[in-house]
Student: 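Would you mind keeping the following structure in view while I ask a few things?
Along the sequence shown, residues carry numbers from 1.
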Amino acid sequence: MNLLTWNVRGLGNPRTRLAIRKILQKYKPQLFFVCETKLESAQVREECGKLNFDKCFAVSRNGKSGGITMMWSSDINVNILSYSRHYIDAEVQCGSGKKWRCTGVYGHPETRQKKHTWTLLRRLAGLSSKPWLCFGDFNEILSLNEKSGGNEKNIRMVSDFREAVRDSKLTDLGYKGYQFTWSNGRFGPHFVEERLDRFLCYEEWGNHFQETEGTNLVSVGSDHYPIMMEVKEKGSGLQYVRKTFLRVHFEDMWSSYEACKAIIKTEWEKYGTTAGENPINQFKAVAKSSLAQLKWWSKDEFEGRDKKLNMLTQEL
């Protein structure tokens, strides 16, 4: 099944609705989590029918902002477990009968309130041991290389998110497509892009489902891009083959890029200050993590811009 999540910045906007329909027609997701509907729940239910979903659960907007909803088709069963203005937690049952848990998250956009999102992740992680997929707009980046342009990111805010993900035993599933999922829409030196939207999975997920990357799609209608993931059970369809990577070597040319230095610095700050840890094991952990981050950064740095240009050209 395909799962789509998107911060649409207004579900009732005609231009946004048109962009959503194009994405839905092309990828046909069975479940769609929407952030910032900016609508009352009754209005969302009307939009649900217009978008050809059979059922939905909506949390109304707060004033003129906010609002989240989860929509789904009749070929899956969805049982809502709990919710607030910033998340919807549900149990999903696919056609095979297997049950798993999914949580759509809309992280607090205000800096002072972000700690509540991290507390929420930790609390949700302790509620069930079922296979768990957590996704949405977290309104924060996981590493410094997930931002381009603008002022330097507050490393403390990034670390708080990373710690919450680690404490919750969640793993970032990565992505295909363009590197960033949000931009401020400005031009020149004021242009900023960040990867705020993602899929995270609980440690139990890989025992039952393939650890498929999310796909960052490019579309108009919002300052966020939609992201999609195909949920595949292990043993269904083609035989599952564990991903393997070729040995990664440090490229000397990377040293001339500030982003490279920032990645290595971030990884050392994450792993290199653990008291009482064997320094050799610390070095191995930092080296492995840094090379993994650099591999993805290198791919996006030298290939991502062309991909985005091609995608936008196709949209036009």
Student: If you look at every heavy atom in L196 and T181, which pair is closest and at what distance?
Tutor: N-OG1, 3.0 Å

Student: Using a 4.5 Å cut-off on heavy atoms from C-beta on, say whether the side chain of R101 contacts that of L124.
Tutor: yes

Student: CG/L173 to CG/L200 distance, rounded to the nearest 0.5 angstrom?
Tutor: 7.0 Å

Student: So, do T215 and E230 sit near enough that their side-chain heavy atoms are less than 4.5 Å apart?
Tutor: no

Student: Is N151 atom CG crowded by more than 12 heavy atoms from other residues, nucleotides or ligands, each under 6.0 Å away?
Tutor: no

Student: Is the H224 ring parallel, tilted or perpendicular to the W182 ring (thresholds 30°, 60°)?
Tutor: tilted

Student: Any non-hydrogen side-chain atom of L121 less than 4.5 Å from a side-chain atom of F138?
Tutor: yes

Student: For residues I76 and V78, determine if any side-chain heavy atom of one lies less than 4.5 Å from a side-chain heavy atom of the other.
Tutor: yes

Student: Can you confirm whether F32 sits close enough to W6 that some side-chain heavy atom of one is under 4.5 Å from a side-chain heavy atom of the other?
Tutor: yes

Student: Are any of the side-chain nitrogens in K153 or E140 under 4.0 Å away from the carboxylate oxygens of its partner?
Tutor: yes

Student: Write down the atom of P109, the atom of K114, and the distance for their closest heavy-atom approach.
Tutor: O-CE, 3.8 Å

Student: For the residue pair R186 and F191, what are the closest heavy atoms and their distance?
Tutor: O-CD1, 3.1 Å

Student: Can you check side-chain hydrogen bond (donor to acceptor under 3.5 Å, both in side chains) on S82 and Y87, steps first, answer last?
Tutor: CA-CA 8 Å; S82 61; Y87 81 98; 3.0 Å; yes

Student: Do the side chains of L217 and K26 get nearer than 4.5 Å, heavy atoms only?
Tutor: no

Student: Is there a side-chain contact between L133 and F209, using heavy atoms and a 4.5 Å cut-off?
Tutor: no

Student: Is the count of non-hydrogen atoms from other residues, nucleotides or ligands lying under 6.0 Å from E110 atom CD greater than 12?
Tutor: yes

Student: State whether R195 and D172 are salt-bridged, where the test is any N-O pair (Lys NZ or Arg NE/NH1/NH2 against Asp/Glu carboxylate O) under 4.0 Å.
Tutor: yes

Student: Is the ring centre of F53 less than 6.0 Å from the ring centre of W72?
Tutor: no

Student: Salt bridge check, K147 against E193: does any charged N sit closer than 4.0 Å to a carboxylate O?
Tutor: no

Student: Against E47, only a single residue in R21, K38, R17 fulfils salt bridge (Lys or Arg N to Asp or Glu O under 4.0 Å); can you say which?
Tutor: R17

Student: In terms of the angle between their ring planes, are W205 and W100 parallel, tilted or perpendicular, with boundaries placed at 30° and 60°?
Tutor: perpendicular

Student: At what distance, to the nearest 0.5 angstrom, does CG of L39 lie from NZ of K64?
Tutor: 13.5 Å

Student: Does a side-chain heavy-atom distance below 4.5 Å link S73 with D54?
Tutor: yes

Student: Should the pair R9-D223 be classified as a salt bridge under the 4.0 Å nitrogen-to-oxygen rule?
Tutor: yes

Student: Surrounding CZ of R156 (heavy atoms of other residues, nucleotides or ligands, distance under 6.0 Å), is the total greater than 12?
Tutor: yes

